> 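For reference, the structure I am asking about is given below.
Here the structure is a predicted model, which is why all the values come from computation and not from measurement.
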Amino acid sequence: MELRYPLTKRALYYCSRLISSQKGRNFKHDHYDDIQKVYSIWICTNPKRKNCGTIQRYSIAKEDLFGNVDVPKREYDLMVFMIVNVGNSKSPNYNGLLKMLSLLFCNQDEHVDASQILEKEYGYPKAYFEPEVFMKSWAHEIVVEAEEKGLKKGLRRGRKEGHEKGRKEGRIEGIKEGIEKGKIAGGLEQILVMTKRVMSSLSKTLDDAMAILELTEEEKAYVRRCLAT
């Protein structure tokens with residue numbers, strides 16, 4: 001996804017908020033010496049091709065323009081943020097941390113293949129990849145974020161045609177995007193959840209909901225079996 005702003009500025013903004021939020025909690029009045037150093041790590045799961053497989057570290061540094069003053073580093077080195085651009089874990093240039101993060105956060109690998117590599121090479125417990133555990137982790141957040149993103153996109157498109165229509169388009173588009181990522185993250189269980197959500201939020205029948213989500217025959221059969229019990 002193409003951002004409308006430099007990610008470095010957003011990271012700097014968040015670090016600044018982490019610093020300012022310490023007043024009243026970590027220190028009071030003018031006791032600025034009690035400020036704690038803050039860190040922020042940004043993992044970009046879909047960076048530009050030229051940025052894939054790179055890591056940048058940003059921090060505050062001192063520069064003497066005229067003369068020299070000895071200032072302890074701890075007095076100004078108070079924020080650090082890193083940007084990690086993951087990509088295709090199958091690339092021969094990927095190893096160590098970058099390969100692990102690519103397997104965790106990117107969709108270019110099948111879930112089963114990625115879980116086997118993470119278990120064998122990085123020691124991830126097999127229980128982590130059980131559907132009920134996996135869906136409570138970052139994968140579920142991806143699905144929710146996709147749905148919210150679709151809702152916002154649909155709302156913008158729907159302003160010309162009416163707010164209500166735009167709201168419905170946003171729900172449908174978001175749920176569709178959530179389904180695609182949910183297939184990788186949580187399989188058929190997530191498809192069932194999304195189908196129920198369409199039926200309740202849009203007042204649709206089961207057949208209409210499955211048509212909106214463009215489910216395969218196998219997925220339709222699974223949903224029908226679950227709802228019949």
> Would you check, one step at a time, whether the test side-chain contact (heavy atoms from CB on, under 4.5 Å) holds for Gln56 with Asn85?
CA-CA 9 Å; Gln56 296 81 46; Asn85 297 293; 3.3 Å; yes
> Any chain of hydrophobic side-chain contacts (each under 4.5 Å) joining Val69 to Tyr76?
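Both belong to a single hydrophobic cluster.
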> Any side-chain heavy atom of Tyr122 sitting closer than 4.5 Å to one from Lys99?
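SC-SC contact between Tyr122 and Lys99 confirmed.
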> Look at atom CZ of Arg49 and say whether more than 12 heavy atoms of other residues, nucleotides or ligands are closer to it than 6.0 Å.
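Incorrect, the count does not exceed 12.
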> Within a strict 4.5 Å, meaning less than it, do heavy atoms of the Lys28 and Asp34 side chains meet?
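Contact flag for Lys28/Asp34 side chains = no.
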> Rounded to the nearest 0.5 Å, what separation is found between the CZ atom of Arg225 and the NZ atom of Lys220?
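Taking CZ in Arg225 and NZ in Lys220, the distance rounds to 14.5 Å.
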> Quick one, Leu12 and Tyr58 - any side-chain contact, counting heavy atoms below 4.5 Å?
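Counting from C-beta outward, Leu12 and Tyr58 never come under 4.5 Å.
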> Strictly below 4.0 Å, N to O, side chains only: are Arg224 and Asp207 in salt-bridge contact?
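Asp207 and Arg224: salt-bridged.
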> Salt bridge check: are Lys62 and Asp70 linked by an N-O gap of less than 4.0 Å?
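Judged by the 4.0 Å cut-off on N to carboxylate O distance, Lys62 and Asp70 do not form a salt bridge.
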> Give, for atom OH of Tyr5 and atom CZ of Arg10, the distance between the pair rounded to the nearest 0.5 Å.
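Here the interatomic distance stands at 3.5 Å.
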> Would you check if Cys44 and Val86 make a side-chain contact, meaning some heavy-atom pair closer than 4.5 Å?
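SC-SC contact between Cys44 and Val86 ruled out.
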> Any chance you could measure Ile60, atom CD1, to Cys15, atom SG, to the nearest 0.5 Å?
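Interatomic distance, Ile60 CD1 to Cys15 SG, rounded to 0.5 Å: 8.5 Å.
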> If only atom types and distance count, is the side chain of Gln22 paired as donor or acceptor with the main-chain N or O of Gln36 below 3.5 Å?
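A pair under 3.5 Å: yes.
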> Tell me, with the steps shown, if Tyr13 and Arg17 meet side-chain contact (heavy atoms from CB on, under 4.5 Å).
CA-CA 6 Å; Tyr13 168 75; Arg17 290 190 62 184; 3.4 Å; yes
> Would you tell me whether Asn51 and Thr54 have side-chain atoms, one donor and one acceptor, within less than 3.5 Å of each other?
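The answer is no; no qualifying pair exists.
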> Would you please test Tyr32 and Phe27 for ring pair (Phe, Tyr, Trp, His ring centres under 6.0 Å) and show each step?
CA-CA 7 Å; Tyr32 295 102; Phe27 71 95; 5.3 Å; yes
> Could you tell me the separation between the CD1 atom of Ile83 and the OG atom of Ser40, rounded to the nearest 0.5 Å?
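So the CD1 of Ile83 and the OG of Ser40 are separated by 9.0 Å.
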> Could you state the interatomic distance from OG (Ser59) to CZ (Phe81), rounded to the nearest 0.5 Å?
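Reported value, rounded in 0.5 Å steps: 9.0 Å.
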> Mind running side-chain contact (heavy atoms from CB on, under 4.5 Å) on Val84 and Leu98 for me, showing each step along the way?
CA-CA 8 Å; Val84 182; Leu98 274 174; 3.9 Å; yes
> Report the distance from atom CG of Leu18 to atom CD1 of Ile35, rounding to the nearest 0.5 Å.
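Between atom CG of Leu18 and atom CD1 of Ile35 there are 12.0 Å.
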> What is the minimum heavy-atom distance between Leu78 and Ile19, and which atoms define it?
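So the two residues come closest at O-CD1, 3.6 Å.
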> Under 6.0 Å from the NZ atom of Lys37, do we count more than 12 heavy atoms belonging to anything else shown?
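Check passes, neighbour count above 12.
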